[in-house]
Amino acid sequence: LDARWQWQLGERLLATYQIYGGLTMTERPGAAPDHKVRAAVGQIREQLPDELGRVFIIHQETSAYLPGRIRYHLLPYPAYAGLSHLPKPDQVRGGDHLLVLANVAGVRYDRQGGRLVGSTGGLAVEPRLAIPGFGTLYRIQGGP
């Protein structure tokens, strides 16, 4: 068993070297498997305030890989990735942000009313950033 484990470890080391070996430290994140997620989250971080406010990630599949990676790349912001629908109005406060990913059904933005509408009601929001094929960032109205 140890010989097989060592063989697999060597193969992984070689594969990692082939991907990252000739790259500088600043080039390596661009070669990572989640580089598109990282780039999108970079755009989102630019829209977030300097003070660490809450970010709610709304995704169709609450246990999926994507919301977890987004949450990781948003650190140190407190991000919550277990939502498949809008939070109730008493669960959020003014200044919080909602990231509604592109695959979410049942949540829509009412442009005239300035609200996100879903099965749990609606929330007064301000759209901050739309990334085609990824999602839209909204800021809850009120608060700082």
Near Asp90 CG, under 6.0 Å, is it more than 12 heavy atoms from other residues, nucleotides or ligands? yes
Does [X] have any side chain to side chain contact (heavy atoms under 4.5 Å, CB included) partners at least two apart in sequence or in another chain, and if so, which?
| X | value |
| --- | --- |
| Arg69 | Asp34, Val37, Tyr65, Tyr72, His73 |
| Glu27 | Leu23, Thr24 |
| Ala39 | none |
| Pro89 | Leu123 |

Can you list every ring pair (Phe, Tyr, Trp, His ring centres under 6.0 Å) pair that touches residues 79-127, not counting sequence neighbours? Phe56-Tyr80, Tyr109-Tyr138
Enumerate the residue pairs fulfilling ring pair (Phe, Tyr, Trp, His ring centres under 6.0 Å) with a member in residues 20-49, sequence neighbours excluded, ordered by first and then second residue. none
Looking at every heavy atom in both [X] and [Y], which two are closest together, and how far apart are they?
| X | Y | answer |
| --- | --- | --- |
| Ile58 | Pro87 | CD1-CD, 4.0 Å |
| Arg71 | Ile57 | N-CD1, 3.9 Å |
| Val104 | Ser84 | CG1-O, 4.4 Å |
| Leu74 | Arg45 | O-NH1, 3.0 Å |
| Leu99 | Ile70 | CD2-CG2, 3.9 Å |

Who passes salt bridge (charged side-chain N to carboxylate O under 4.0 Å, His left out) against Arg54, sequence neighbours left out? Asp96
For Glu46, all residues meeting side chain to side chain donor-acceptor pair (under 3.5 Å), sequence neighbours excluded: none
Under 3.5 Å, is there a donor-acceptor pair between the side chain of Glu126 and the main chain of Gln141? no
Reported [atom1]-to-[atom2] distance for the pair [X] and [Y], which is rounded to 0.5 angstrom:
| X | Y | atom1 | atom2 | value |
| --- | --- | --- | --- | --- |
| Gln6 | Arg4 | CD | CZ | 13.5 Å |
| Leu9 | Leu14 | CG | CG | 11.5 Å |
| Ile131 | Thr136 | CD1 | OG1 | 8.0 Å |
| Ile140 | Arg93 | CD1 | CZ | 11.0 Å |

Shared hydrophobic cluster, Val117 / Val92 (ILVMFWY, side-chain heavy atoms < 4.5 Å): no
Taking the side chain as every heavy atom from C-beta outward, state whether Leu98 and Leu86 have any pair of such atoms under 4.5 Å apart. yes
Would you check if Ile44 and Val55 make a side-chain contact, meaning some heavy-atom pair closer than 4.5 Å? no
Only pairs at least two apart or in different chains count here, so list each salt bridge (charged side-chain N to carboxylate O under 4.0 Å, His left out) that has a residue in residues 98-109. none
Name all residues meeting the ring-ring contact (aromatic ring centres under 6.0 Å, His included) criterion together with Tyr77; count only those two or more places apart in sequence or in a different chain, and write none if there are none. none
